[in-house]
Amino acid sequence: MRTKGFDIAIIGGGVIGLTLARALDDRGAKIAVIDAGPAIPPATRAAAGMLAPSFEYGEEFGGPADAVYHLGACSLSMWADYAAALEEETGGFVDYRNNGSLGLAYRDAQTAALTEQALRVQSLGGDVEMISGDEARKLEPSLSGNVAAALHAPKDTQVDPRRVAAALTASLERRGVEIIKARVLSMGDGDASHHFVTVEGDSYEAEKIVLAAGAVSGLTPMGLVYPVKGEAAAIAGDGVITRVLRAPGAYLCPKAEGRVVIGATEEIGPFDHHSVSPAAIAGLRANAARAVPAFEAATELERWAGLRPGTPDGAPIMGIDEKGRYLALGHYRNGVLHAPATAEAVAALILGETPPIDLAPFSPARFSSGRDG
Ligand SMILES: Cc1cc2nc3c(=O)[nH]c(=O)nc-3n(C[C@H](O)[C@H](O)[C@H](O)COP(=O)(O)OP(=O)(O)OC[C@H]3O[C@@H](n4cnc5c(N)ncnc54)[C@H](O)[C@@H]3O)c2cc1C
């Protein structure tokens, strides 16, 4: 066994850990990222990459939905520059697209729900509007004649999360940030709370430890973060749609090279990263073809699953736990959206600066009664 020391160790190399590492490196901090690799596949690889605060603020969970919306809107406003800087630095391509999204309704009840959502988002400062089915078809001519109305969010954007992760990794490698492929087995307590050991048998210590390890790290207290499995697929559909469509029962995201990502199911609980149910994919495809009939017989390119890091109130966890460790966890359906703002805020917190956003609503202390940290 060997012991190695770092100033700051980030456990987890998904989109949250990698963007945080880059933000800390920007500030001159000495860091290492410890990531389990394929042993614990990141949710980031499974994500569709929608950057859509107008649809994703988790009001249904009873948590701090306004704060989640503002975190998402703040991060959305950072993404254009973030994507451009990442591409310029690495020569990579992250497939950033800024032509908005449409939430679709076929029936009156769905139109009413979207109208209520539009009013709510407008009240929070968001730029969204309800449009008719015909107006939606002018934007997306391949939409079904059954689409009766749509919520148009012109400022929503998207990226390709796999390309983002590859570019972030390339960025960190160029900067000389150490990325250690290892699975952290346990972290110490008390005086040893800045030590951790890996499954591979190595022992590490760091002045500051950040847990950014997603849904199933085995390192967070039971119930604080839990997996919400999502299954998705990609089909071939070059040029059929140009923007993200959020139909009842499926979303459709056009990507580079003619791929269209269709997602996603939601199932709470399983620690199963890999299995994909044929019935789930058939359901998603049927819902997608209902919105865009041209996709009915489209060739399937790939299907996959991933585990979103859910939290009891649907909001992320960012702050310091009772053992003095920093947490950047639980971004659930929005980790890609939230990553740039999360990285700036948590990096500032770690280095004793004032975070650019108020982290109080996301503090782990909101769950602290009866927990051990
Ligand atoms: C089907 C699907 C669609 C999605 N669509 C979107 C979307 O459109 N937009 C959006 O913003 N978000 C989306 N998400 C959510 C998004 O993927 C997550 O919120 C985000 O990826 C979480 O990032 P993370 O870095 O916290 O965790 P992860 O990406 O899961 O990364 C965690 C990392 O920690 C490592 N790790 C875990 N345990 C250990 C350990 N013990 N030791 C060392 N390393 C460890 C893992 O190997 C992994 O690499 C989607 C998710 C799914 C599943």
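In each ligand, atom 1 is the first atom listed, and ligand 1 is the first ligand listed. If you're wondering where the values come from, they're calculated on a predicted model, not measured in any experiment. In what follows, residues are counted from 1 in the order of the sequence shown.
Looking at heavy atoms from C-beta onward, Leu359 lies in side-chain contact with Leu349 at the 4.5 angstrom threshold. For the pair Phe295/Ile262, no side-chain contact is recorded, criterion being any heavy-atom separation below 4.5 Å from C-beta on.
Atom 37 (C) of ligand 1 has as its closest protein heavy atom Ala213 O, 3.1 Å. The protein atom (non-hydrogen) at minimum distance from atom 52 (C) of ligand 1 is Arg308 CG, 3.7 Å. The nearest protein atom to atom 31 (O) of ligand 1, hydrogens excluded, is given as Gly14 CA, 3.3 Å; this is a heavy-atom distance. The single protein non-hydrogen atom nearest to atom 13 (C) of ligand 1 is Arg333 O, 3.1 Å, given as residue, atom name and distance. Closest to atom 11 (O) of ligand 1, if we only count protein heavy atoms, is Leu337 N, 2.8 Å. Looking only at protein heavy atoms, the nearest one to atom 20 (C) of ligand 1 is Gly335 CA, 3.7 Å. Here the heavy atom of the protein found nearest to atom 29 (O) of ligand 1 is Thr44 OG1, 2.5 Å. For atom 5 (N) of ligand 1, the closest non-hydrogen atom of the protein is Ala48 N, 3.1 Å.
The distance criterion of under 3.5 Å between nitrogen or oxygen atoms is not met by Ala47 with respect to ligand 1. Inclusion of Ala232 in the set of residues having an N or O under 3.5 Å from an N or O of ligand 1 is not warranted. Between Ile16 and ligand 1, an N or O atom pair is found at a separation short of 3.5 Å. Residue-to-ligand polar distances keep Leu51 apart from ligand 1: every N/O pair is separated by 3.5 Å or more.
Near Gly37, with a cut-off below 4.0 Å to any heavy atom, the atoms of ligand 1 are 47 (O). In summary, the atoms of ligand 1 found under 4.0 Å from a heavy atom of Tyr332, numbered by their order in the structure, are 15 (C), 16 (C), 18 (C), 19 (O). Residue-ligand proximity, Gly306 to ligand 1, at heavy-atom distances under 4.0 Å covers atoms 53 (C). Proximity to Ala46 (heavy-atom distance under 4.0 Å) selects the following atoms of ligand 1: 1 (C), 2 (C), 3 (C), 53 (C). Residue Ile34 approaches ligand 1 through these ligand atoms, each under 4.0 Å from one of its heavy atoms: 43 (C), 44 (N).
Contact annotation: Gly49 has at least one heavy atom less than 4.0 Å from an atom of ligand 1. Not close to ligand 1: Trp304, with no non-hydrogen atom less than 4.0 angstrom away. Using 4.0 Å as the threshold, Ala182 has a heavy atom nearer than that to some atom of ligand 1. At a 4.0 Å cut-off, not a single heavy atom of Ala215 sits close enough to ligand 1 to count as contact.
Neither side chain, Glu205 nor His194, offers a donor N or O lying under 3.5 Å from an acceptor on the other.
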Let me have the donor-acceptor pairs involving side chains of residues 228-235, under 3.5 Å, with sequence neighbours excluded, atom names and distances please.
unit_1, atom_1, unit_2, atom_2, d
Lys229, NZ, Asp272, OD2, 2.8
Lys229, NZ, Ser275, O, 2.8
Lys229, NZ, Ser275, OG, 3.0
Glu231, OE1, Ser277, N, 2.6
Glu231, OE2, Thr265, OG1, 3.3

Show the atom names and distances, to 0.1 Å, of all donor-acceptor pairs under 3.5 Å that link a side chain in residues 141-149 to residues at least two apart or in another chain.
unit_1, atom_1, unit_2, atom_2, d
Ser142, OG, Val240, O, 3.0
Ser144, OG, Asn146, N, 2.8

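Partner of Met318 under the side chain to side chain contact (heavy atoms under 4.5 Å, CB included) criterion, out of Leu329, Leu71, Leu327: Leu71 alone. Across Val177, Thr90, Thr19, Asp25, a single residue satisfies side chain to side chain contact (heavy atoms under 4.5 Å, CB included) together with Ser171, and that is Thr90.
Between the choices Asp35, Val164, Ile40, the shortest heavy-atom distance to atom 35 (C) of ligand 1 belongs to Asp35. Heavy-atom proximity to atom 42 (N) of ligand 1, evaluated over Val184, Leu211, Leu185, is greatest for Val184. Of the options Cys253, Pro316, Gly214, the smallest heavy-atom separation from atom 27 (O) of ligand 1 is shown by Gly214.
A salt bridge links Asp66 to Arg120: at least one charged side-chain nitrogen sits closer than 4.0 Å to a carboxylate oxygen.
Contact annotation for Phe55 and ligand 1: no heavy atom of the residue comes within less than 4.0 Å of the ligand.
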